[in-house]
Amino acid sequence: MNNVYLSIGSNLGNRKKNLENAIKLLQTNNNSILSSSPIYETEPWGNPDQPKFLNQVVELTSDLEPENLLRKIHLIEEKCGRKRLGKIYSPRTLDIDILFYNSIILTTDALKIPHPMLHRRLFVLVPMADIAPDYRHPVLGKTISQLIKKCDDKTTVKRIS
């Protein structure tokens with residue numbers, strides 16, 4: 001089994017229900033949620049002209065290889081109403097990103113692991129620190145707690161649950 005950390009976010013529709021649905025749909029076909037962070041309300045990152053997000057990080061075990069997991073994630077996002085419009089940082093019912101997959105470093109046209117922007121985003125780092133503060137980034141060599149201290153992101157990340 002593979003140990004995976006995912007970031008889940010939503011800023012359209014019933015945001016909390018979207019996160020709950022994503023977690024339910026992720027727990028299929030030998031995938032199991034090991035832990036999940038509290039939910040945070042966060043300012044949009046990259047495009048402030050949109051509704052606030054709810055975000056959380058989950059730790060998952062999966063027997064899927066990274067590319068197959070990404071395909072499953074895209075199907076879950078679509079099932080939960082996500083429409084890919086080709087615009088980055090746009091509002092969405094559901095966004096799921098693979099943050100870490102074991103300790104591998106992977107770069108393909110479709111997928112980069114670890115997620116290349118996670119160390120710049122408090123909406124990822126803060127919930128990740130709730131479940132794995134000492135997890136060490138395999139490229140940067142720093143723990144999640146250390147990355148938070150170095151992060152330049154000034155957006156608000158407010159715990160709601």
Side-chain angles (χ1 to χ4, degrees), residues 1-45 52-82 92-106 111-151 153 155-161:
M1 285 304 239
N2 301 292
N3 196 54
V4 183
Y5 289 93
L6 304 175
S7 173
I8 306 172
S10 173
N11 74 337
L12 292 178
N14 185 334
R15 301 172 302 163
K16 190 165 191 250
K17 189 71 171 165
N18 293 339
L19 298 182
E20 291 168 0
N21 288 339
I23 289 172
K24 283 180 192 165
L25 292 168
L26 283 164
Q27 296 186 93
T28 59
N29 302 337
N30 295 326
N31 293 332
S32 179
I33 301 290
L34 297 177
S35 60
S36 60
S37 75
I39 296 172
Y40 288 83
E41 185 170 63
T42 65
E43 293 178 54
W45 193 94
K52 289 184 178 182
F53 276 84
L54 290 187
N55 289 99
Q56 103 183 106
V57 169
V58 298
E59 181 182 10
L60 173 80
T61 59
S62 178
D63 61 355
L64 296 173
E65 292 302 313
E67 293 83 3
N68 291 334
L69 179 59
L70 181 63
R71 281 192 276 284
K72 178 182 176 98
I73 285 168
H74 285 170
L75 289 172
I76 290 170
E77 289 174 336
E78 289 171 22
K79 187 171 188 167
C80 291
R82 175 151 182 193
R92 58 204 79 161
T93 55
L94 189 62
D95 184 38
I96 304 172
D97 289 327
I98 300 172
L99 303 175
F100 299 105
Y101 183 101
N102 296 326
S103 291
I104 70 166
I105 300 166
L106 175 71
L111 182 59
K112 290 178 179 51
I113 301 173
H115 190 287
M117 299 293 285
L118 74 88
H119 65 286
R120 297 183 60 207
R121 298 172 168 178
L122 283 178
F123 72 85
V124 172
L125 292 171
V126 171
M128 176 88 183
D130 284 324
I131 59 175
D134 297 323
Y135 187 90
R136 191 165 298 278
H137 193 293
V139 174
L140 302 176
K142 299 201 179 315
T143 66
I144 298 302
S145 294
Q146 291 169 327
L147 291 173
I148 288 173
K149 290 176 186 170
K150 298 270 186 193
C151 187
D153 185 2
T155 59
T156 302
V157 178
K158 178 183 167 192
R159 184 175 174 163
I160 65 162
S161 70

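- Contact annotation: the side chain of Pro38 never approaches that of Ile160 to less than 4.5 Å [non-hydrogen atoms, C-beta and beyond].
- Scored by the side chain to side chain donor-acceptor pair (under 3.5 Å) test, Ser103 finds no partners at all (sequence neighbours excluded).
- If you take CG on Asn3 and CG on Leu34, they are separated by 6.0 Å, rounding to the nearest 0.5 Å.
- Partners of Asp97 by side chain to side chain donor-acceptor pair (under 3.5 Å), not counting sequence neighbours: none found.
- Judged by distance alone, the side chain of Arg136 and the main-chain N or O of Gly141 form a donor-acceptor pair under 3.5 Å.
- The side-chain contact (heavy atoms from CB on, under 4.5 Å) check on Asn14 picks up Lys16, Lys17, with sequence neighbours excluded.
- Atom-to-atom distance recorded for Ile104:CD1 and Ile113:CD1 is 4.5 Å, nearest 0.5 angstrom.
- Contact check for Ser36 versus Ile131: no side-chain heavy atoms found under the 4.5 Å cut-off.
- The closest side-chain donor-acceptor pair between Asn102 and Asn2 falls under 3.5 angstrom.
- Every pair tested for salt bridge (Lys or Arg N to Asp or Glu O under 4.0 Å) that includes a residue from residues 22-32 fails, sequence neighbours excluded, so the list is empty.
- Just one residue in the list Arg159, Gln56, Lys158, Glu20 forms a side chain to side chain contact (heavy atoms under 4.5 Å, CB included) with Ile39, and that residue is Gln56.
- Considering all non-hydrogen atoms of both residues, Thr155 and Pro44 come closest at CG2-O, 4.3 Å.
- Atom CG of Leu70 sits about 11.5 Å away from atom OH of Tyr101, to the nearest 0.5 Å.
- Taking the side chain as every heavy atom from C-beta outward, Glu41 and Arg15 approach each other to under 4.5 Å.
- Considering Asn18, Ile33, Leu6 in turn, Ile33 is the only one that fulfils the side chain to side chain contact (heavy atoms under 4.5 Å, CB included) rule with Ile23.
- Side-chain atoms of Ser37 come within 3.5 Å of backbone N or O of Val57 as a donor-acceptor pair.
- Within the model, atoms CG of Leu99 and CG of Leu60 stand 11.5 Å from one another, a figure rounded to the nearest 0.5 Å.
- Under the salt bridge (charged side-chain N to carboxylate O under 4.0 Å, His left out) criterion, Glu59 pairs with no residue at all, not counting sequence neighbours.
- Here the CG-CG distance, from Asn11 to Asn55, works out to 9.0 Å after rounding to the nearest 0.5 Å.
- Residue Ser10 holds its OG atom at 9.5 Å from CG of Asp95, rounded to the nearest 0.5 Å.
- In this structure, the side chain to side chain donor-acceptor pair (under 3.5 Å) partners of Glu43, at least two apart in sequence or on a different chain, are Thr156.
- Taking Ser145 as the reference, Pro133, Thr143 meet the side-chain contact (heavy atoms from CB on, under 4.5 Å) condition, with sequence neighbours excluded.
- Across all non-hydrogen atoms, the minimal contact from Ile98 to Pro66 is CD1-O, 4.1 Å.
- For the salt bridge (Lys or Arg N to Asp or Glu O under 4.0 Å) condition, no pair includes a residue of residues 124-133, sequence neighbours left out.
- Using bins of under 30°, 30° to 60° and over 60° for the plane-to-plane angle, the ring pair Tyr5/Phe100 lands in the perpendicular bin.
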Pairs of donor and acceptor atoms involving the side chains of residues 115-128, under 3.5 Å and at least two apart or interchain, shall be tabulated with distances.
| from | atom 1 | to | atom 2 | distance (Å) |
| --- | --- | --- | --- | --- |
| His115 | ND1 | Met117 | N | 3.1 |

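- Using a cutoff of 4.0 Å between basic side-chain nitrogens and carboxylate oxygens, Arg92 and Glu77 are not scored as salt-bridged.
- Listed by first and then second residue, the side-chain hydrogen bond (donor to acceptor under 3.5 Å, both in side chains) pairs involving residues 60-72 are Thr28-Lys72, Asn30-Asp63, Asn31-Ser62, Asn68-Arg71 (not counting sequence neighbours).
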Could you walk me through whether Asp134 and Ile144 satisfy the side chain to side chain contact (heavy atoms under 4.5 Å, CB included) test, starting with their C-alpha distance in whole Å, then the side-chain angles of each, then the deciding distance to 0.1 Å, before giving a yes or no? CA-CA 6 Å; Asp134 297 323; Ile144 298 302; over 6 Å; no
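- Listed by chain and residue number, Ile76, Lys79, Cys80 satisfy the side-chain contact (heavy atoms from CB on, under 4.5 Å) test with Leu25 (two or more places apart in sequence, or in another chain).
- Not counting sequence neighbours, Phe53 has no partner by the ring pair (Phe, Tyr, Trp, His ring centres under 6.0 Å) test.
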